[in-house]
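The block underneath contains the structure these notes are about, expressed in structure tokens.
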Amino acid sequence: MIAETGLAALWLAAGLAALQFLLMILALRSGAEVARAMRSIALVQGVLTLVAFVMLLVVFARSDMSVALVFENSSVVKPFIYKVAGAWGNHEGSMLMWVTILAVAGAFLAVLAHRTGERTLLAALGAQALLALGFYAFLLFASNPFARLWPPPPDGQGLNPLLQDPGLAFHPPTLYLGYVGLSVAFSLAVGALLTGEVDSRLGRAMRPWVLGAWLLLTLGITAGSYWAYYELGWGGYWFWDPVENASLMPWLAATALLHSINVLAARGALKAWTMMLAVIAFSMSMVGTFLVRSGILTSVHAFAIDPERGTFLLALLAIYVGAAFVLFAVRGANLKEGAPFELVSRESGLVINNLFLTVILGVVFVGTLYPLFAEAVSGEKMSVGTPYFNAVAGPLALLLAALVGVGPLLAWRRERRPVLKKLTVPALLGATALAITIILAPQIHILPRLGFAVAAYLAAASILPLIGRNPLRAPLATWGMVVAHFGIAVALTGMAANSAFTTERLAIANPGDVLSVGPWQVQLESVTPAAGKNWTAIQAQLRATRGSGIVTLAPQMRYFSDPPMETNESAIASFWNGQLYTVVGRQDVSGAWQLRLWWKPFVTLIWAGGGLIALGGALALFGRIWMLFRRRSRAAEWRTERYA
Amino acid sequence: MANGTLRMTRAVRFAPLALLLLIIAALVWRLATPADTNVHSTLEGKAVPGFDLGEALPGKPALSSADLASGQPHLVNIFASWCVPCVTEVKVLEALRERGVRIDGIAVRDRPEDLAEFLALNGDPYERIGSDERSQVQISLGSSGVPESFVVDGKGVIRYQHIGAIEHSDVPMILAKLEQAR
């Protein structure tokens, strides 16, 4: 009954989405009064998908094996949290989650948006409904998550053990919220292109959605990076894997949009460019979902290849993105650009930021899809790996980070003051860092060396917007910007330190052996069996000493029974100045054990920086929303006084 | 840009659309022609490198490369008693043997007593078993793990390398490869 309730809710929601879209056409054609019902319809549609999603969570929580999806992705003995998280650790469930977020975002847009013109809002709600409709069709006709299995088997086939991790409960929902949050920016852009109302009001309406989606994408990517780091046991934080790139591309587009939208909101300029970015950002989310879900690119994220579903998703992508780009190409000509600006101005700074981000996006895009094009044209198989991405995107990102220090100091419209003078102290810090690395670590590669220099300079430059004023009176949005830009410097330091100073040790060891890695002496004390609820393992006891400090670590090699699989559970000891990362492998014929040890100085700064960048986004979002409410309540007070 | 605004020309406005069409064309092509994820062995078509392995357990004939060039096609299975997938594979090999396939084994890094227990427990489809104590023959054959299997024709030339366990669903394909090698 529970599964059927979910399915019925999905069908009803799909019907409402169709109605919502039809009403938009009526509204735009004749300004029909009935169109006002669209807000309520969007709200009910959001609630219905939420019901369907909760039903899926319930069947997973109850291990109802009569639902095919539960049977394929769960087992009775799994810990409860992974039973629930298993609901979105598979194709159908994750697509239901996607459409739920899409519809709920549409409901929020309907309830909360008061800043755009009514016609633009209705057009945006129609666009959002059309988006949702395609994904409802995909779920109901090609990926039904509620399909039954009769007779119900006694136990399920289990969930991929790599996904049985707290990271799974958190990482995909966060990324999806970010991906789909961009759908609102997309719909608003489409709506505004339809009505021609591209102005600073639209920019201000779009901004909280872009901020929210962007900060969730940042969090999702940061969390995913840490998950890959400790769960895959390779000691790396970014692999330029196609699926990782699929999440990075929307983030790069959203970052560019986040900056250009400020120009639109504050100055009414960069209209066409911002509309294009809003379309591209969500398109990149769809491309990412397609690449992941179709299994078209080979990746460590092993998702099944399914041509039928792939075709369906590709058709949706082509229709939605294609229609939006056609609309943009046709209507973009009518957009009158707003206030002009000079060569040295905040606007120019943001344009340069956008150019850099777009070029980096292009670099990642080409690297990710090039093997596909190459094989299509020449039949030759190839892969594009880390050397390309690091060599091409690395210097661009460093240059951009250097410019991040300048942009926020510039005034809108035109800058006549000698801004570069303010950067004296940061520049001196950067030069000092460069000199120190040359003297103390002459052997390191040029990129990490420049990374240290830019990080030192940016750390100081990023806080300049708070200098020379009372920092407590600065708007929260300014604080958000400062924190996020400072976060870039922090993450950059972590990346440079990890790349320049990581030491690695691969060894075969017998109990009692002592290995040295970096400043650590690591002794293999013993290897013993261990067991959990649905796994058994061999566990190494390691005793690591550095000076007077002692720490014990217990990396495991786990064997899961359903499905049968081995995973390396790394053991990591964190210190203020780095992490000791240990992995135990197989036993050699002679009875000795494979050990892999890494000392990674300041590696944690990478994720701390990511967290700061997201925190900056949160501060800015909170600031914008708070100002909105204050303004609204003031307006309400004013009305009350006047008309009381 | 100076004292002006960024104006998009018609060509620029249509650029994203053009790019999208290009990408969709490539993706459609990929969906229509799924990638071949198999890695083909470079040893296919070459003679088995010379080797002469000792007996793996008492009473069972040992295996050398000369035994493979006997005029009949052989299936050479690289396995070990300590290998879990080999347990299920050996039943498939048994089915192949019942259909007249000559199967020889190369036991990698194994001990006679373990091997005897493994064969007693799971069945013994092998005519000959050579003991490859230090994986040297396995490596010379270009095999990196267990189980792996090679279809070798009557002249001792490798015709096909199968990486991983042979499943029941692979049986017709393996029989066809052996027929071609005849």
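Naming: A, B, ... by sequence-line order, numbering from 1 per chain. When reading the values below, keep in mind they use all heavy atoms of this one structure, side chains included, and skip hydrogens, waters and symmetry mates.
Within 6.0 Å of the NZ atom in B/Lys91, the count of heavy atoms belonging to other residues, nucleotides or ligands exceeds 12. Residue B/Glu117 qualifies as open at atom CD: its count of foreign heavy atoms under 6.0 Å is 12 or below. Shown here is B/Arg111, whose CZ atom has no more than 12 heavy atoms of other residues, nucleotides or ligands within 6.0 Å.
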- request: Assess whether side chain to side chain contact (heavy atoms under 4.5 Å, CB included) is satisfied between A/Leu372 and B/Leu27, documenting all intermediate values.
  value: CA-CA 8 Å; A/Leu372 183 63; B/Leu27 293 175; 3.5 Å; yes
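For residues 144-158 of chain B, the pairs satisfying salt bridge (Lys or Arg N to Asp or Glu O under 4.0 Å) are B/Asp153-B/Arg159, with sequence neighbours left out.
With sequence neighbours excluded, the residues forming a side-chain contact (heavy atoms from CB on, under 4.5 Å) with B/Val101 are B/Leu75, B/Leu96, B/Ile103, B/Leu175, B/Leu178, listed by chain and number. Residues that satisfy the side-chain contact (heavy atoms from CB on, under 4.5 Å) test with B/Pro49, not counting sequence neighbours, are B/Ser140, B/Leu141.
Between atom CG of residue A/Leu317 and atom CD1 of residue B/Ile23 there is a gap of 8.5 Å, rounded to the nearest 0.5 Å.
In this structure, chain B has a heavy atom under 4.5 Å from the side chain of A/Phe373, while its backbone stays farther away.
Listed in order of number, the residues of residues 11-22 of chain B that approach chain A to under 4.5 Å between heavy atoms are B/Arg13, B/Phe14, B/Pro16, B/Leu17, B/Leu20, B/Leu22.
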